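Scroll down for the structure; my scribbles are underneath it.
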Amino acid sequence: MALSSLAALCSSPPVSGIPDSPTISNLNGFSPTTDNAAAPNAFLRSYTILNEIKQLHCRVAKKGPTHNNELIAKCAEVGTPESLDYALKVFEGWNEDECVAGSLFVCNSLIRACSSAGLGDRAILVFVRMLEMGVMPDKYTFPFLLSACTRVSWFGEGVQVHGAIVKMGFAEDIFVANTLIHFHFECGDVMDGRRVFDEMPEKNVVSWTSLICGYSRRDCPKEAVSLFFDMVEAGVEPNAVTMVCAISACAKLQDLKLGERVHSYIGDIDIEPNGHMVSALVDMYMKCGAFVTAKRIFDNCIERNLVLYNTIMSHLVKRGLAREALAVLGEMLEQGPQPDRLTMLSAISASATLNELLFGKCCHGYILRNGLQEKDDNINNAMIDMYMKCGESGLACTIFNSMSNKTVVSWNSLLAGYVRNGDGRSVRDIFDEMPERDLVSWNIMIGALVQESLCEEAIKFFRMMQREGIKADRVTMASVASACGNLGSLGLAKWIYHYTEENAIERDMLLDTALVDMFGRCGDPRIAMQIFEKMEKRDVSSWTAIICAMATEGNGKQALELFKEMLCQGVEPDDVTFVGLLTACSHSGLVKQGCQLFQSMKEIYGISPQVVHYGCMVDLLGRAGLLEEALDFIKSMPIEPNDIIWGSLLSSCRTHKNVEMAAYAANRIPDLTSDRTGIPVILSNIYASEGKWSEVAKVRLKMKERGMHKVPGSSSTEVNGTVHEFSSGDESHLEISRISQMLDEINCKLRDAGHVPDLRNVLLDVDEHEKKFLLSRHSEKLAIAYSLISTGQKIPVQVVKNLRTCSDCHTFAKLVSKVYNREITIRDNNRFHFFKEGVCSCGGFW
DNA sequence: TTAGGGTTAG
């Protein structure tokens, strides 16, 4: 469809770069071209009246000044800026002789015309001038005048007008009071507006409607709908305008049931739905998620006006149905009405979603030819976004630089574009350069840092944002939760959760899913489950997050149960769901179930396994000790196994102490220098644990030659909000003597309980006594000992380790949990271990 | 004479 619309959208084919400059034909303000083509009758009428004005002007010149009143009234009737300018000039030249009967009518007409044309300041000038000339305003003057004040946001002047109304005794006039309600609500003075309504001796449908509309527009849609029912109760019958206001309030509340209830009144009171009402209904049903009803109302409406088209288009784009939105645009281009700036806003947005650069450029051309960008910064902002999404940062910058009024949205669009296109340096420069930063700017930066896995930096930015007094929202908190999940700090996770509750941050599926994921990764699957269970709506990401939370906990059975429930609820799994499921099986030794799931991925769900899924399978078989099967699986893979696959097999060889296969796997890794997986370290550890020190020396020499270093083991634990970090054999902690004493006490108790240290975990060629000492000072042991001496009996010990925990530390933690009756959690670089009463949740699968 | 629908960036 996009291409068929191109011809209609472009008067000339687009060229590379920015299309031609605008050419707006202008004939005394009336353009006989496209602008008036949609409303030929209105145009002809205006044109006829303009001719009449010209004739009148000739007569005035001949007959003298008294005909000026007639001239002004005619110009006001035309209502264009040019005719009004002319009328105002004539009005300025008024003298006292011309204050004849009928001048009040002329003044009122002129004020009304200026107000309608958006020339509120002129309307007020006319009012001042009429007072100077001694023409006394009447009850018709004030609604026009207040309306003018409202339109140009001259609230101070409006309040003075209110004073004049009271003094002159027009306050009880129903028309004047209705306009006052509207005026005060538009100013934001809800209380004053309400007072006017309450004090009215007599109210009509317009009074109620003004109040309902006022509350709705002032972000009090609940009150608006409640007033609608009060009005019905009071026996005042709603009209079409009331219905539009009430429907619009339901749309703001996104309350489908309420919307349907209000909608039903249209039938009850037998109002013929007009264009305004249809647009409001379509908008309401779309905002309430009733897409089918909205579409049906749109399809059934024969006389589709501009606003209706714009409403449906913007919602289609928001729902990701960009092609359908462009199909609606195609209909408009064929049948009218002519697209305006809001149509083009949606069209640009659709082009951006679809990556349709050519179509986006055509929209740009149309916008320039019709001068739509001149009065609307949003259009330029949307075009910056569109060009950025299409990867054309140069064109986006050209528009940005050409803008005389760059708003924070323009800067944010540019910033988000650079984040998307991966230019990290520019991102920071732009952020620092921004004259003003709002919530969205900070969200873009925090999101970008999380995307780049710079999670500590993301948390720092969040703190900076708080210091600057910017209040976080659900988007901020979802990014922060994601950062925290990567860091694995349960203390921070709890703080983040508490922060969202304390600050009443609006919760949605995105934030809830991020919180579930965060608690899963930070080792509290119980809280993850509590949040998940309370979620009203869950998509595939939410289900995947809870499945992964169960997987890291080692609760494979529950992960599989959740998967079943997810399928029952009609949610289709994706590739990430299967990573969670296969990991869950792997961590729980559910080999058979894992193999079945892997099989079903392609056969039932049509998802082709990627290298990550093959990695999970190698892990699943390897952990269960099925090393030969794992090797056969690798050999049968349809894709080339990478270092992660071989690294996974290597890890299993370490656990199950198969040195020969480890050497075989290590030799399959094409380039040991691409050390993302710590493969040489694992290999040297395997040799060391078997006492093959000459092999260890060879691997370490290779590592040294290639400039690679073993990452030292380090564990951290959080005590009273402070993170304490320990490396292996670390003696730098201020309380090291107490920690050592505690470790000695623990070791005695464990020895009494029959524990024999597994010295194969000491990867250095030293004597047995030294080995025992080194083993007793592994970083996780130091962290556990410190936590035991610094926290109360009931507080669980939480340790995060950067590498995989060794078998001796694992046994140590199990026994400590029993002897000291304390729950211990260790999150290593692979999974969680929950120790309680001498048992670990991993069941030996690590 | 008064009151009404659609708005870009994370």
Side-chain angles (χ1 to χ4, degrees), chain A residues 105 108-109 111-112 115 138-147 150 170 173-183 185-186 204-214 216-217 238-249 251 273-284 286-287 305-315 317-318 340-346 348-349 352 376-386 388-389 407-417 419-420 438-448 450-451 473-476 478-479 510:
Chain A
F105 173 78
N108 284 347
S109 306
I111 292 171
R112 182 182 54 171
S115 171
D138 66 356
K139 62 175 187 175
Y140 297 104
T141 315
F142 290 108
F144 300 141
L145 193 60
L146 270 172
S147 188
T150 313
F170 291 116
D173 180 84
I174 199 161
F175 286 89
V176 174
N178 288 345
T179 326
L180 274 170
I181 297 170
H182 177 69
F183 166 75
F185 271 98
E186 288 296 303
N204 64 9
V205 62
V206 179
S207 326
W208 283 94
T209 306
S210 304
L211 196 68
I212 292 166
C213 170
S216 179
R217 286 161 79 111
N239 64 16
V241 183
T242 326
M243 291 317 301
V244 170
C245 298
I247 293 163
S248 159
N274 63 14
H276 278 85
M277 224 188 284
V278 173
S279 303
L281 282 170
V282 169
D283 184 54
M284 183 270 287
M286 281 288 195
K287 284 193 175 134
N305 63 24
L306 182 61
V307 177
L308 179 60
Y309 273 119
N310 289 347
T311 307
I312 197 92
M313 266 185 78
S314 80
H315 282 293
V317 174
K318 271 186 201 144
D340 73 347
R341 62 196 180 86
L342 293 182
T343 324
M344 296 323 288
L345 220 46
S346 291
I348 292 167
S349 207
D376 190 353
D377 297 327
N378 295 340
I379 285 269
N380 283 319
N381 296 337
M383 284 199 289
I384 293 172
D385 178 60
M386 181 270 292
M388 278 295 190
K389 281 182 179 154
T407 63
V408 69
V409 180
S410 327
W411 282 92
N412 286 344
S413 305
L414 199 71
L415 189 69
V419 167
R420 194 175 294 109
D438 68 357
L439 173 65
V440 176
S441 329
W442 285 94
N443 284 349
I444 293 168
M445 283 308 283
I446 294 169
V450 175
Q451 227 177 62
D473 73 349
R474 61 200 165 80
V475 182
T476 325
S479 292
L510 178 88

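Note that the coordinates shown come from a computational prediction; the quantities given were computed from them, not determined experimentally. Heavy atoms only: backbone and side chains are in, while hydrogens, waters and symmetry mates are out. Lettering follows sequence order; numbering is per chain, from 1.
One interatomic measurement links the two molecules: CG of A/Leu415 to P of B/dT8, which rounds to 19 Å at whole-angstrom precision. In this structure, the CG atom of A/Leu211 is 13 Å from the P atom of B/dG4, given to the nearest Å. If you take CD1 of A/Ile174 and C1' of B/dT1, they are 12 Å apart, rounded to a whole angstrom. One interatomic measurement links the two molecules: CZ of A/Phe183 to P of B/dA3, which rounds to 13 Å at whole-angstrom precision. Atom CG in A/Leu180 sits roughly 18 Å away from atom P in B/dT1 (whole-Å rounding). Taking atom CE of residue A/Met386 and atom P of nucleotide B/dT7, one finds them 20 Å apart after rounding to whole Å. We find that NE2 of A/His315 is positioned 6 Å from P of B/dT7, with the value rounded to whole Å. Look at CG on A/Leu414: it is 19 Å from P on B/dT8, rounded to the nearest Å.
Within 4.0 Å of A/Asp473, counting heavy atoms only, lies at least one base atom of the nucleic acid. In this structure, A/Leu306 reaches the bases: a heavy-atom distance under 4.0 Å links it to at least one base atom across the strands shown. At the heavy-atom level, A/Ile444 lies under 4.0 Å from the strands shown only through sugar-phosphate atoms. Within the 4.0 angstrom heavy-atom criterion, no nucleotide atom of any strand lies near A/Asp173. No contact: A/Arg474 has no heavy atom under 4.0 Å from any strand. At the heavy-atom level, A/Ala240 lies under 4.0 Å from base atoms of the strands shown. In this structure, A/Thr311 reaches the sugar-phosphate backbone alone: every heavy-atom distance under 4.0 Å involves primed, P, OP1 or OP2 atoms, never a base. Residue contacts shown for A/Asp376 are absent, as no nucleic acid heavy atom lies under 4.0 Å away. Using a 4.0 Å heavy-atom cutoff across all strands shown, A/Asn274 reaches at least one base atom of the nucleic acid. Among the heavy atoms of the strands lying under 4.0 Å from A/Ser279 is at least one base atom, whether or not backbone atoms are also near. Contact annotation for A/Gly214: no contact, since no heavy-atom pair falls under 4.0 Å across all strands. Among the protein residues, A/Leu439 comes within range of the nucleic acid bases, having at least one heavy atom under 4.0 Å from a base atom.
If you check B/dT2, B/dA3, B/dT1 against the side chain of A/Lys139, the one that comes closest is B/dT1. Considering only the side chain of A/Arg341, B/dT7 comes nearest among B/dT7, B/dT8, B/dG5. Checked against B/dG5, B/dA3, B/dT7, the side chain of A/His182 finds its nearest nucleotide in B/dA3. Comparing atom distances between the A/Tyr140 side chain and each of B/dA9, B/dG5, B/dT1 picks out B/dT1 as nearest. Checking B/dA9, B/dT1, B/dG5 against every side-chain atom of A/Val244, the shortest atom distance belongs to B/dG5. You'll find that the side chain of A/Pro143 is closest to B/dT2, out of B/dG5, B/dT8, B/dT2. Of the candidates B/dT8, B/dT1, B/dG5, B/dG5 carries the atom nearest the A/Ala280 side chain, counting heavy atoms from C-beta on. When distances run from any side-chain atom of A/Asp438 to the nucleotides B/dG4, B/dT7, B/dA9, the shortest one goes to B/dA9. Taking every side-chain heavy atom of A/Ser314 into account, B/dT7 is the closest of B/dA9, B/dG5, B/dT7. Ranking B/dA9, B/dG5, B/dT2 by closeness to the A/Arg420 side chain, first place goes to B/dA9.
Looking at A/Ser441 and A/Asn412, their side chains do bring a donor and an acceptor atom within 3.5 Å of each other.
By the side-chain hydrogen bond (donor to acceptor under 3.5 Å, both in side chains) test, A/Ser248 is found to be paired with no residue, residues two or more places apart in sequence or in another chain being considered. A/Ala246 pairs by the side chain to side chain contact (heavy atoms under 4.5 Å, CB included) definition with A/Phe228, A/Val262, not counting sequence neighbours.
At distances below 3.5 Å, at least one donor-acceptor pair connects side-chain atoms of A/Asp138 with backbone N or O atoms of A/Thr141. Within the 3.5 Å criterion, the main-chain N or O of A/Ile111 finds no donor-acceptor partner in the side chain of A/Ser115. With A/Asn178 contributing its side chain and A/Ile174 its backbone, the two residues share a donor-acceptor pair below 3.5 Å. At least one donor-acceptor pair under 3.5 Å links the side chain of A/Ser109 to the backbone N or O of A/Phe105.
Across all their heavy atoms, A/Thr179 and A/Ser147 have their closest contact at CG2-N, 4.3 Å.
The shortest distance between the side-chain N/O atoms of A/Arg112 and the OP1/OP2 oxygens of B/dT2 is not below 4.0 Å. Side-chain nitrogen and oxygen atoms of A/Lys318 include at least one within less than 4.0 Å of the OP1 or OP2 phosphate oxygen of B/dT7.
The base of B/dT7 lies close enough to the side chain of A/Asn378 for a donor and an acceptor atom to sit less than 3.5 Å apart.
Ring-base stacking between A/Phe175 and B/dT1 is satisfied, the centre separation being under 5.5 Å and the plane angle under 30°.
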